[in-house]
Amino acid sequence: MQGTPQPRSTGSSMQMQRNKQSGDDIWKNRTDKISAELFALTYGSLVAQLVKDYEEYSEVNTQLDKMGYNIGGRLIEDFIAKSGLTKCGSFADTADTISKVGFKMFLGITPAISNWSADGKEFSLIFDENPLTEFVELPDEAVRELWYSNILCGVLRGALEMVLLQVECTFVSDVLRGDDSTEIRVKLVRVLDEEVPASDE
């Protein structure tokens with residue numbers, strides 16, 4: 001977005017290029033892959049079952065977020081092991097790593113980072129493609145309430161909390177709802193304190 005202030009990153013454009021290269025390398029060489037069609041259909045079956053179980057789309061959104069949160073808490077270990085990345089120097093570096101390494105590693109996509117807030121604590125991930133939504137068309141009654149891919153917000157929250165970043169993640173728009181783009185807004189709430197383990201004495 002033109003004119004939107006971009007936060008200064010302690011990393012250089014060289015670090016951002018390394019993130020992109022790392023994400024591409026991991027996707028090509030170190031990630032087990034399944035059929036995109038199978039993945040999309042399996043996820044679709046999960047969402048359909050939740051709709052049957054909960055009936056209210058708002059509750060389906062909540063359940064998808066909870067599932068994603070639990071998955072994110074587990075994926076971060078795999079992410080760190082495969083990527084070899086250590087602590088990010090800033091929230092801008094974290095955003096770049098999420099986009100170019102995390103999404104590439106697990107879904108084979110690289111969403112664009114956009115719409116930074118003036119204080120550098122919020123950004124948007126803009127998706128040109130979303131493997132979860134292949135072959136999906138929402139029924140009319142679901143278009144206004146269901147965030148079909150809400151599991152992604154939970155994954156981001158769960159993974160980032162494991163690296164001591166409490167964030168809020170929400171869908172702003174989704175092409176499945178007739179919007180022009182699919183956008184997730186990520187807001188840094190606070191940096192969590194690392195818990196010191198209790199003494200053995």
*Starting at CG of Leu160, measure out to OG1 of Thr94 and round the result to the nearest 0.5 Å.*
7.0 Å
*State, yes or no, whether a side-chain contact exists between Glu122 and Asn115 at a heavy-atom distance under 4.5 Å.*
no
*From Asp65 atom CG to Phe171 atom CZ, the distance as rounded to the nearest 0.5 Å*: 10.5 Å
_Nearest heavy atoms of Thr110 and Lys104, plus distance in Å_ = OG1-CD, 3.7 Å
_Under-4.0 Å salt bridge between Asp78 and Lys82_ = yes
*Starting at CG of Leu146, measure out to CZ of Arg177 and round the result to the nearest 0.5 Å.*
7.0 Å
*Measure the CZ-CG distance between Phe103 and Leu156 for me, rounded to the nearest 0.5 Å.*
4.5 Å
_I need the minimum non-hydrogen distance between Tyr43 and Ser149, along with the two atoms involved._
OH-CA, 3.7 Å
*Is the side chain of Thr133 donor-acceptor paired with the backbone N or O of Val136 at a distance under 3.5 Å, no angle test?*
no
_Cluster overlap Tyr69 with Leu75, hydrophobic side-chain contacts below 4.5 Å_ = no
*Given Asn150, which of Ile184, Val60, Thr62, Leu64 fulfils the side-chain contact (heavy atoms from CB on, under 4.5 Å) condition?*
Leu64
*Got more than 12 heavy atoms from elsewhere within 6.0 Å of CD, Glu56?*
no
*Report, as yes or no, whether the 6.0 Å neighbourhood of atom CG on Asp53 holds more than 12 heavy atoms from other residues, nucleotides or ligands.*
yes
*Under 4.5 Å between side-chain heavy atoms, hopping through other hydrophobics if needed: is there a path connecting Val175 to Val143?*
no
*Start with the C-alpha distance between Ile80 and Leu85, add both sets of side-chain angles, then the distance that settles side-chain contact (heavy atoms from CB on, under 4.5 Å), and finish with yes or no.*
CA-CA 6 Å; Ile80 291 169; Leu85 295 173; over 6 Å; no
*Heavy-atom pair of closest approach, residues Trp147 and Asn61*: N-OD1, 2.8 Å
*So, does Asp174 use its side chain to make a donor-acceptor pair with the main chain of Leu176 at under 3.5 Å?*
yes
*Evaluate the side-chain contact (heavy atoms from CB on, under 4.5 Å) criterion for residues Val189 and Lys121: first the C-alpha distance (whole Å), next the side-chain angles of each, then the deciding distance (0.1 Å), finally the verdict.*
CA-CA 8 Å; Val189 176; Lys121 292 185 176 182; over 6 Å; no
*To the nearest 0.5 Å, how far apart are CD1 in Ile113 and CD1 in Ile98?*
8.0 Å
*In terms of hydrophobic clustering (I, L, V, M, F, W, Y; side-chain heavy atoms under 4.5 Å; direct or indirect links), are Phe127 and Val172 co-clustered?*
no
*May I ask you to decide if the ring planes of Trp116 and Phe123 are parallel, tilted or perpendicular, using 30° and 60° as cut-offs?*
tilted
*Trace of the side-chain contact (heavy atoms from CB on, under 4.5 Å) decision for Asp93 with Ser90*: CA-CA 5 Å; Asp93 289 341; Ser90 69; 3.4 Å; yes
_Beyond-backbone contact of Ile71 with Ile151, side-chain heavy atoms, under 4.5 angstrom_ = yes
*Determine, stepwise, if the pair Leu192 / Leu165 fulfils side-chain contact (heavy atoms from CB on, under 4.5 Å).*
CA-CA 6 Å; Leu192 302 169; Leu165 296 174; over 6 Å; no
*At their closest point, which heavy atom of Arg185 faces which heavy atom of Ser114, and how far apart are they?*
NH1-O, 4.1 Å
*What heavy-atom pair brings Ser117 and Asp119 nearest, and what distance separates the two atoms?*
OG-OD1, 2.5 Å
*Drop me the distance from Glu141's CD to Tyr57's OH, to the nearest 0.5 angstrom.*
4.0 Å
_Atom CD of Glu137 with >12 non-hydrogen neighbours under 6.0 angstrom_ = no
*Taking all heavy atoms of Pro131 and all of Ala40, pick out the closest pair and write down the distance.*
O-CB, 3.5 Å
*Please answer whether the main-chain N or O of Phe79 pairs with a side-chain N or O of Ser83 as donor and acceptor at a distance below 3.5 Å.*
yes
_Sidechain-backbone polar pair: Ser124 side chain, Ile126 backbone, donor-acceptor under 3.5 Å_ = no
*Ser173 versus Asp180: any side-chain heavy-atom pair under 4.5 Å?*
no
*Answer yes if the side chains of Asn130 and Thr182 hold a donor-acceptor pair under 3.5 Å, and no otherwise.*
no
